[in-house]
Protein chains: 2
Amino acid sequence: MEQGNTDVTGGCQLVKATLTRIGDKWTILVIRMLGERPMRFNELRRKIDGVSQRMLSLTLRGLERDGFVIRSVRPTVPPQVDYTLTELGTSLLVPVRALGDWAFAHEAQVEAARARYDRLQGQAAVPALTAKTGDPDELAPHFG
Amino acid sequence: MEQGNTDVTGGCQLVKATLTRIGDKWTILVIRMLGERPMRFNELRRKIDGVSQRMLSLTLRGLERDGFVIRSVRPTVPPQVDYTLTELGTSLLVPVRALGDWAFAHEAQVEAARARYDRLQGQAAVPALTAKTGDPDELAPHFG
DNA sequence: CTGAATCCATGAGGATACTG
DNA sequence: CAGTATCCTCATGGATTCAG
């Protein structure tokens with residue numbers, strides 16, 4: 001057990017680990033889909049636009065490993081695999097939704113701040129520098 | 001109103017974007033550090049163990065851009081730059097702490113699930129694939 | 001002290017093909 | 001249907017160097 005400077009550091013490691021865990025590209029999508037009802041593999045695949053077979057498989061395996069979903073196989077002739085959210089997985093939905101509410105409530109503020117920052121950067125920076133029309137990403141992180 | 005984001009698909013994109021945004025390696029650390037009090041660059045650098053100069057700089061730029069922190073420069077002889085959490089940044093601390101509470105409350109469950117999964121995987125794997133020397137007298141819980 | 005610029009290692013994730 | 005295996009690309013981020 002290591003100790004940091006303050007309790008912030010210690011608590012942060014845990015939050016950070018959780019965020020890293022569920023902060024990947026597909027985990028939240030899958031969890032929220034399964035939050036509605038259990039689904040089969042290809043059903044998820046169809047509902048989550050853009051996910052590759054490989055990544056959906058990897059994501060589900062990770063979720064199963066961490067106890068967020070249950071994978072139940074029915075040995076029918078065409079294999080049928082259902083993924084169900086566990087109670088642990090459902091409980092995670094609560095803080096995730098809280099974060100979603102925050103995002104929804106502050107989306108405009110963030111976008112405004114971004115636009116303002118980019119605008120000021122474009123004009124107040126070095127005068128003789130390449131004009132950068134920085135506008136491409138709307139809500140996507142630029143480095144995160 | 002229920003949760004702010006009604007539709008799973010639509011709401012998910014927003015949650016996912018936020019998670020991706022703050023789910024990187026240092027953002028949460030920085031936000032929570034600044035949640036205690038404003039700090040200078042090297043003070044943050046010292047307090048956040050393992051962060052490189054480059055990443056701290058990039059993280060702070062991103063946070064400033066999104067309106068989470070204010071960067072104030074005092075033109076002293078050795079430059080002094082203070083980073084302060086804005087109200088928007090402080091508000092983000094709320095759902096982040098909620099997620100932290102969840103993580104703290106369910107840490108054991110996740111670890112247990114992981115350990116169980118890894119244990120089962122290690123012994124119930126494909127028989128004739130990995131040369132496992134016949135698996136003599138390992139703790140062999142009956143599959144199924 | 002506070003950065004920016006450059007180089008480089010690693011890994012997440014996409015495309016494709018194959019299996020049971 | 002439900003995956004696994006392989007290859008490949010590119011973003012993340014660490015180390016180092018340069019600058020104001």
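Numbers restart at 1 for each chain; the letters A, B, ... are given by sequence-line order, proteins then strands. This structure is a prediction, so every number in the text was calculated from the model and none was measured.
- Side-chain contact check for A:Leu44 versus A:Leu34: some heavy-atom pair is nearer than 4.5 Å.
- Of the listed nucleotides (D:dG13, D:dA2, D:dT17), D:dT17 has the atom at the smallest distance from the side chain of B:Gln53.
- D:dG14 atom P lies 9 Å from atom CZ of B:Arg54, rounded to whole Å.
- The shortest side-chain heavy-atom distance between B:Leu85 and B:Leu93 falls under the 4.5 Å cut-off.
- For the helix from C:dC1-D:dG20 to C:dG20-D:dC1, the axis fitted to the five pairs at one end and the axis fitted to the five pairs at the other end meet at an angle of 40° (nearest 10 degrees).
- Summarising the geometry of B:Val51 relative to B:Arg45, their closest heavy-atom pair is CG1-O, 4.0 Å, with the distance given to 0.1 Å.
- For the pair B:Met55 CE and D:dT12 C1', the interatomic distance rounds to 7 Å; values are reported in whole Å.
- Sorted by first and then second residue, the side chain to side chain donor-acceptor pair (under 3.5 Å) pairs with a member in residues 92-103 of chain B read A:Ser91-B:Trp102, B:Trp102-B:His106; sequence neighbours excluded.
- First and last contacts of DNA chain C with chain B, using any nucleotide atom under 4.0 Å from a protein heavy atom and ordered 5' to 3', fall at C:dC1 to C:dT6.
- Side-chain contact between A:Leu19 and B:Lys25: absent, with no pair of heavy atoms (C-beta onward) separated by less than 4.5 Å.
- Two residues are said to be in side-chain contact when any heavy atoms from C-beta on lie closer than 4.5 Å; B:Ile22 and A:Leu99 meet this criterion.
- Counting heavy atoms of neighbouring residues, nucleotides and ligands inside a 6.0 Å radius, atom CD1 of A:Ile70 does not exceed 12 of them.
- The CD atom of A:Glu64 sits 13 Å away from the C1' atom of D:dA2 (whole-angstrom rounding).
- A:Gln13 is not listed as a side-chain neighbour of B:Ile28, based on a closest heavy-atom distance of 4.5 Å or more.
- At the phosphate of D:dA2, OP1 or OP2 sits under 4.0 Å from a side-chain N or O atom of A:Arg40.
- Backbone-only engagement by A:Arg61 is indicated by non-hydrogen atom pairs under 4.0 Å involving sugar-phosphate atoms exclusively.
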Practice problem: Determine, step by step, whether B:Glu111 and B:Arg114 satisfy the salt bridge (charged side-chain N to carboxylate O under 4.0 Å, His left out) criterion, reporting the C-alpha distance in whole Å, the side-chain angles of both residues, the deciding distance to 0.1 Å, and the verdict. | Solution: CA-CA 5 Å; B:Glu111 282 182 13; B:Arg114 255 175 220 172; over 6 Å; no
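- If A:Arg45 and B:Val73 are placed on DNA chain C by their nearest nucleotide, the residue sitting closer to the 5' end is B:Val73.
- Nucleic acid contact class of A:Arg74 (heavy atoms, under 4.0 Å, all strands): none.
- Taking atom CG of residue A:Asp24 and atom C1' of nucleotide D:dA11, one finds them 15 Å apart after rounding to whole Å.
- When rounded to the nearest whole Å, the span between CG of A:Asp82 and P of D:dA2 equals 8 Å.
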